[in-house]
2 protein chains.
Amino acid sequence: MADTRTTILDITEAAVLEKGFEATSIEEIAAAAEISRGGFFYHFKDKNALARALIERYIATEDRLYDDLFARARELNDDPLHALLIGLKLLAETLDDMPNGHPGCIIASAAYQDRLFDRGIRDLNRQAILGWRARFRAMFEQIAEKYPPKTKVDLDALGDMVSSVVEGGLILERALGEPGVPAAQIMQLRTYIKLLFAD
Amino acid sequence: MADTRTTILDITEAAVLEKGFEATSIEEIAAAAEISRGGFFYHFKDKNALARALIERYIATEDRLYDDLFARARELNDDPLHALLIGLKLLAETLDDMPNGHPGCIIASAAYQDRLFDRGIRDLNRQAILGWRARFRAMFEQIAEKYPPKTKVDLDALGDMVSSVVEGGLILERALGEPGVPAAQIMQLRTYIKLLFAD
DNA sequence: TGTCAACTTGACTTGCAGTACAGTGATTTT
DNA sequence: AAAATCACTGTACTGCAAGTCAAGTTGACA
């Protein structure tokens, strides 16, 4: 059996995906983990600490996913543009294969509940998004060197666009109850990049 | 003086933008509106009714904004592609001129708190997003007739992309504490549309 | 054998949502 | 002029969830 802390995080993640962080009570998390409320507070000082651990875990997972995906893409094609296009395709497929939606929500829900979460969580979030910006910006710089873009373009904004369409897509997906929106949005972004850089 | 109901909505909107819906108590809304808690419940049955009214008002505002913006753009240029490009530029400028951020958050925060809000609110949200999809899809259809797209493209996904980058941009803006992200994202989308359709 | 980590139990405080209802002063209707 | 309605105030209550605290239990390992 996994350790209780991990169990709590798994249960919380599922509950948060289903109904949001606020709507998930400690009581029900404890019940699902088959421990008492007191037991919960033994592992996490308060709900804030739980949120923080969840976000930390999510960011680590996401970073690893991006590492793997774009490393594999680069193996398949050494050209920076084609590697990115392959990576985005893989990302779209991965997004579509997530049955219960994507935990990206957690970042968004934290972004919209400033007061609820402490500064530490906000900084965590900020660093993660800046990290993704830098990651994709670096790829775009490499591409732009080899393939001059058809139009002048802000590479930071382009880097942000990956996060932006994923997060935006997740919101639409949830609000519409229609799966596949983030993947479709990523594919749009892919088309944009193709038009912008490819001959 | 504005009527109390409107005052309550204004105060709530500001508070929600600052710290989220959940973190805003009825007590503090009532205090800011200079009425008693009882007075609040006279106007709104519960917090759900307040959220619903806020979202209704937000959607109406957003629809009116889109109506105005793209009508003006069409006045400036009768060509469907150029009108849309002008409209998106105007939208980016409008987004940048909103000092306290954009209430788009409200849609997103509702999307992430399913349980908190009743089905009516969820349907409202859904209809709004479908409306925006249809609105932009119609524009893209008109454009595609005159300017065959360089690549096959899913017009629904393209229509969604407007909502997607605005909402996604708002999340990044909030999480980063960096203004101007949604406008920058809209400008990226504009570049994409230009590359996709223009000669 | 003792000690430490990982709990449990239970009692408590605080804060917020929501209910219920009695009353009040201003305005509107009849 | 009387009656009704509107837009509240005020108070008192229930119920739930978060979080605190103190004291006790249980199994593993040194």
Side-chain angles (χ1 to χ4, degrees), chain A residues 1-55 57 106 109-110 112-122, chain B residues 1-55 57 106 109-110 112-122:
Chain A
M1 243 233 311
D3 65 299
T4 310
R5 203 187 137 90
T6 306
T7 307
I8 292 174
L9 284 175
D10 291 341
I11 288 165
T12 308
E13 187 171 306
V16 167
L17 283 176
E18 201 205 315
K19 54 191 185 180
F21 187 73
E22 267 308 277
T24 305
S25 73
I26 288 169
E27 177 128 21
E28 86 187 78
I29 294 168
E34 292 178 315
I35 57 170
S36 62
R37 258 166 43 80
F40 171 87
F41 284 109
Y42 174 81
H43 288 286
F44 298 96
K45 178 178 154 280
D46 52 25
K47 238 188 158 184
N48 220 345
L50 176 64
R52 191 198 185 107
L54 204 61
I55 290 173
R57 199 173 77 151
I106 290 163
S109 94
Y112 281 126
Q113 293 176 31
D114 266 17
R115 263 300 158 77
L116 238 63
F117 300 122
D118 60 24
R119 156 162 317 239
I121 292 185
R122 256 138 50 212
Chain B
M1 246 235 307
D3 64 301
T4 310
R5 204 188 136 90
T6 307
T7 307
I8 292 174
L9 285 174
D10 290 342
I11 289 165
T12 307
E13 187 170 306
V16 168
L17 282 176
E18 203 205 315
K19 55 189 184 181
F21 187 74
E22 266 308 275
T24 305
S25 73
I26 288 169
E27 179 127 20
E28 85 187 79
I29 294 168
E34 293 177 314
I35 57 170
S36 63
R37 256 166 45 81
F40 171 88
F41 284 108
Y42 175 81
H43 289 285
F44 298 96
K45 177 177 155 283
D46 53 23
K47 237 189 159 184
N48 221 345
L50 175 65
R52 192 198 185 108
L54 203 62
I55 290 173
R57 198 173 78 151
I106 290 163
S109 94
Y112 281 126
Q113 294 176 30
D114 266 16
R115 262 301 158 76
L116 238 61
F117 299 121
D118 60 23
R119 151 156 329 232
I121 292 185
R122 255 138 50 212

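Chain naming here is simple, since letters A, B, ... match the order of the sequence lines and numbering starts at 1 in each.
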In whole Å, what is the span from the [atom1] atom of [X] to the [atom2] atom of [N]?
X     : N      : atom1 : atom2 : result
A/E28 : D/dC16 : CD    : P     : 14 Å
B/D3  : D/dA7  : CG    : C1'   : 11 Å
B/R5  : D/dA7  : CZ    : C1'   : 14 Å
B/E22 : D/dA17 : CD    : C1'   : 11 Å
B/E27 : D/dG10 : CD    : C1'   : 13 Å
A/I26 : D/dC16 : CD1   : P     : 17 Å
A/F41 : D/dA23 : CZ    : P     : 20 Å
B/D46 : C/dG18 : CG    : C1'   : 8 Å

**Study point:** Side chain of B/Y42 (C-beta onward), nearest among D/dT20, D/dC8, C/dA6
**Key:** D/dC8
Practice item. Check every atom of D/dC8, D/dA17, D/dG19 against the side chain of A/S25 and return the nucleotide holding the closest atom. Key: D/dA17
Exercise for review: Tell me which residues in residues 29-40 of chain B put a heavy atom below 4.0 Å from DNA chain D, sorted by number, or none.
Suggested key: B/E34, B/I35, B/S36, B/G38, B/G39
Check your understanding: If we only count heavy atoms from C-beta on, is the B/T7 to B/I35 side-chain gap below 4.5 Å?
Key -> no
Review point. Any side-chain N or O of B/H43 less than 4.0 Å from the OP1 or OP2 oxygen of D/dA7?
Key: no
Practice item. Report the C-alpha distance between A/F40 and A/E27 in whole Å, list the side-chain angles of each, state the deciding distance to 0.1 Å, and finish with yes or no for side-chain contact (heavy atoms from CB on, under 4.5 Å). Key: CA-CA 9 Å; A/F40 171 87; A/E27 177 128 21; over 6 Å; no
Check your understanding: For atom CD of B/E28, is the number of surrounding heavy atoms from other residues, nucleotides or ligands below 6.0 Å larger than 12?
Key -> yes
Point to revise | Charged N-O contact under 4.0 Å between B/D10 and B/R57 | key: yes
Review point. After noting the C-alpha distance and the side-chain angles of A/L50 and A/I26, does the key distance pass the side-chain contact (heavy atoms from CB on, under 4.5 Å) rule?
Key: CA-CA 10 Å; A/L50 176 64; A/I26 288 169; 5.5 Å; no
Point to revise | Closest non-hydrogen atom pair, B/D3 against B/T6 | key: OD1-OG1, 2.7 Å
Practice item. Could you tell me which non-hydrogen atom of B/L54 sits nearest to which non-hydrogen atom of B/L9, and how far apart they are? Key: CD1-O, 3.6 Å
